[in-house]
Amino acid sequence: MQSIVVRGGRKLSGEVIIDGAKNSALPLIAATLLAEKGCSRLDNVPDLRDINTIVRLLEGMGAVVSRQGGSLEITTSAVENCQAPYELVKTMRASILVLGPLMARFGEARVSLPGGCAIGARPVNLHIKGLEMMGARISVEHGYIIGQAERLQGADISFDVTTVTGTENLMMAAVLADGVTILRNAAREPEIVDLAAFLRKMGAQIEGDGTHTITITGVEKLLAADYQVMPDRIEAGTFMVAAGISDGDVVIKNAPLAAMAAVVTKLQEIGLLIEPLSPEEDDDELYKENKLLAGVAVRVRRGLDGLKALDVRTMPYPGFPTDMQSQAMVLLTLAEGTSVISETIFENRFMHVFELQRMGADIEVEGRTAIVRGVVALSGAPVMASDLRASAGLVLAGLAAEGETVMSRVYHLDRGYAGFEKKLKALGADVKRVRD
Ligand code: EPU
């Protein structure tokens, strides 16, 4: 077992480079299953446990995958086994993303039903219902979703609840379907725009991504394509909080600022100065093509007035992301006044609260609302990570706490942050990973 040990009190300074987005790379890798011919190359793929999991999933199906640094080359022409086994799916719910592409290209799939999850029930009923509306016959047997179809048919599908991976799965199913599919009340996350851009490079016809209504006209076949994964807006937001909570001065490079408006506005209102440096400095062709998906450099530090309490409500994009809730909460534990944080996406995403209380935070939870009364200081303590974003929040708390914080269950962090403690260390944090 590994732990992260943080000694608080260091002001972070210097530069950090944001990696590719986990929640973009996962659907992009799944989408390579749609290519009948050729080798797709994905650049800027983060080095994460979840990425290894989806790569193993594809390899198990017969895909050939090679990795060089941040680039993956994936050939799926020889895929013949349309199964996603429980052993892999249980470690990562996003494995469900192979369901849409498998049904679209092969008309069959056997994908383990993801089980329970620490942050909420997280059913996949809308993924299944959408595929059924496209003509698939779906049953659940022995814990597996078994899907069959001749060729999927275009359909007019309206989501009851906005779902990110549900939208992605049905988009990937629809690109090879017969006729037009309309996805209504679709999720608008930037990662969906990133996936649509890749699918278009493969030959798909998609309009309206980034809005609530996505229209997909099915084509006969898709071919492999090259693409660069957008930068991770949650990693960038996490480092913004790291700069602010440590009272540091950090330049965050490759931050997808245009995709982070809600986070940037909230952090500014709490009291951080967030100044975009000229995009010309590290821009690329992508910035000119689509600002939303491009990274820029941004300087982050605390303003002269200190940190002020503020209410935060998590919402689907373009609202404040649930994946930034724990990090924002940690910052607000040290702000002057009382903040109210409402979690509207997942029913059980406050587990970090009980660990933060052990570090001296004054937080009360009532259902899906947390009331955070600012304290003058946090004190280091042994804490336990409960999920990916909670673990990032606890490390951030450790940066500002007096004394030593030891966070166990580091595997949660490794699912979604590449070299988190190395990047913090390079900014001057006193942080290390230890093996028990
Ligand atoms: N929902 C249903 N039925 C469905 C699908 C979803 O009721 O068929 C509900 C969920 O239970 C939840 C809400 O809809 O209450 C929204 O869930 P969504 O489906 O949007 O979540 P997701 O697609 O499973 C993605 C990210 C999560 C992120 C959420 C919300 C990926 C791989 N995962 O999950 O990321 O929190 O969207 O933005 O994109 C993380 O990176 O730490 C993470 C958990």
Side-chain angles (χ1 to χ4, degrees), residues 19-31 46 48-51 53-54 57 89 91-100 111 113-133 138 140 145 157-172 183 185-195 229-230 232-238 259-260 262-263 314-327 343-349 351-352 368 385-393 411-418 420:
D19 275 291
K22 166 181 84 80
N23 288 348
S24 223
L26 291 171
L28 291 171
I29 293 169
L48 300 171
R49 232 164 54 110
D50 276 9
I51 298 297
T53 304
I54 198 152
L57 207 54
V89 178
T91 67
M92 186 185 70
R93 304 181 60 80
S95 307
I96 192 74
L97 284 165
V98 299
L99 181 63
V111 176
L113 196 60
C117 175
I119 62 176
R122 305 184 73 180
V124 290
N125 56 315
L126 302 175
H127 304 230
I128 292 176
K129 189 174 153 202
L131 286 169
E132 283 174 340
M133 288 179 76
I138 307 234
V140 176
I145 304 168
I157 299 167
S158 185
F159 290 101
D160 297 339
V161 178
T162 309
T163 157
V164 178
T165 49
T167 302
E168 290 165 347
N169 235 339
L170 295 191
M171 229 164 82
M172 291 189 280
L183 301 179
N185 195 23
R188 292 185 281 170
E189 268 64 4
E191 291 75 15
I192 285 168
V193 176
D194 213 26
L195 174 61
V229 181
M230 72 172 292
D232 197 311
R233 61 196 168 100
I234 306 302
E235 190 196 11
T238 303
M260 298 177 67
V263 168
T314 63
M315 296 289 279
Y317 189 86
F320 191 91
T322 173
D323 291 346
M324 277 298 296
Q325 182 253 104
S326 72
Q327 302 90 318
E343 171 58 58
T344 75
I345 309 293
F346 294 116
E347 61 272 25
N348 196 24
R349 216 176 195 184
M351 275 174 301
H352 44 281
R368 288 194 176 196
S386 52
D387 77 80
L388 165 56
R389 306 302 169 186
S391 64
Y411 51 88
H412 286 296
L413 188 72
D414 294 336
R415 288 191 43 208
Y417 289 89
F420 193 48

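Whatever order the structure lists ligands and atoms in, that order sets their numbers, starting from 1.
In terms of modelled atom types and a separation under 3.5 Å, the side chain of Arg368 and the main chain of Thr344 share a donor-acceptor contact. In terms of modelled atom types and a separation under 3.5 Å, the side chain of Asp387 and the main chain of His412 share no donor-acceptor contact. Judged by distance alone, with hydrogens and angles left aside, the side-chain atoms of Asn185 form a donor-acceptor pair with the main-chain N or O of Phe159 at under 3.5 Å.
What sits closest to atom 30 (C) of ligand 1 on the protein, heavy atoms only, is Thr322 CG2, 3.8 Å. Regarding atom 15 (O) of ligand 1, its nearest protein heavy-atom neighbour is Ile345 O, 2.7 Å. Taking atom 23 (O) of ligand 1 as the reference point, the nearest protein heavy-atom neighbour is Thr165 OG1, 2.6 Å. The shortest contact between atom 42 (O) of ligand 1 and any protein heavy atom is with Arg389 NE, 2.9 Å. For atom 44 (C) of ligand 1, the closest non-hydrogen atom on the protein side is Arg349 NH2, 3.5 Å. In this structure, atom 5 (C) of ligand 1 lies nearest to the protein heavy atom Pro123 O, 3.2 Å. Protein heavy atom at the shortest distance from atom 27 (C) of ligand 1 is Asp323 OD2, 3.8 Å. Residue, atom and distance of the protein heavy atom nearest to atom 32 (C) of ligand 1 are Asn23 OD1, 3.3 Å.
Counting heavy atoms closer than 4.0 Å to ligand 1, residue Met315 contributes nothing at all. Under 4.0 Å from ligand 1, the heavy atoms of Val161 that appear belong solely to its side chain. Residue Leu388 touches ligand 1 through its side chain alone, judged by heavy-atom distances below 4.0 Å. Of all the heavy atoms of Lys22, the ones lying under 4.0 Å from any atom of ligand 1 belong exclusively to the side chain. Contacts between Phe346 and ligand 1, counted as non-hydrogen atom pairs separated by less than 4.0 Å, involve the side chain only. Both the backbone and the side chain of Thr163 come within 4.0 Å of ligand 1, counting heavy atoms alone. Residue-level proximity to ligand 1 for Ile234 is absent, since no heavy atom of it falls below 4.0 angstrom.
Arg122 CZ to Thr163 OG1: the interatomic distance, rounded to the nearest 0.5 Å, is 9.0 Å. Remark: Glu189 CD to Asn23 CG distance equals 9.5 Å, nearest 0.5 Å. How far OG1 of Thr238 is from CG of Asp232: 8.0 Å, rounded to the nearest 0.5 Å. Atoms CD1 and CE, on Ile54 and Met92 in that order, are 4.5 Å from each other to the nearest 0.5 Å. Here Asn169 contributes atom CG and Leu131 contributes atom CG; the two are 6.5 Å apart, rounded to the nearest 0.5 Å. Note that OH of Tyr417 is 15.0 Å distant from CZ of Arg49, once rounded to the nearest 0.5 Å.
Close N/O approach between Asn125 and ligand 1 is found [any backbone or side-chain N/O within under 3.5 Å]. Considering backbone and side-chain atoms alike, Arg122 places an N or O below 3.5 Å from some N or O of ligand 1. In terms of N/O distances under 3.5 Å, ligand 1 is not approached by Glu189. Taking any N or O of Val164, backbone or side chain, at least one lies under 3.5 Å from an N or O belonging to ligand 1. Between Leu126 and ligand 1, an N or O atom pair is found at a separation short of 3.5 Å.
Residue Ala94 has at least one heavy-atom neighbour below 4.0 Å for each of these atoms of ligand 1: 32 (C). Atoms of ligand 1 found under 4.0 Å from any heavy atom of His127, numbered from 1 in the order shown, are 8 (O).
The shell of residues lying under 4.0 angstrom from ligand 1, judged by heavy atoms, includes Thr162.
In this structure the side chain of Arg188 reaches within 4.5 angstrom of the side chain of Pro318, judged on heavy atoms. Side chains of Val111 and Ser95 form no contact here, defined as non-hydrogen atoms less than 4.5 Å apart.
With Ser24 as reference, Asp194 is the one residue of Asp194, Val193, Ile192, Ile29 to meet the side-chain contact (heavy atoms from CB on, under 4.5 Å) rule.
The nearest pair of heavy atoms linking Thr162 to Ala187 is CG2-CA, 3.4 Å.
A salt bridge is absent between Glu235 and Lys22; no separation between the charged side-chain nitrogens and carboxylate oxygens falls under 4.0 Å.
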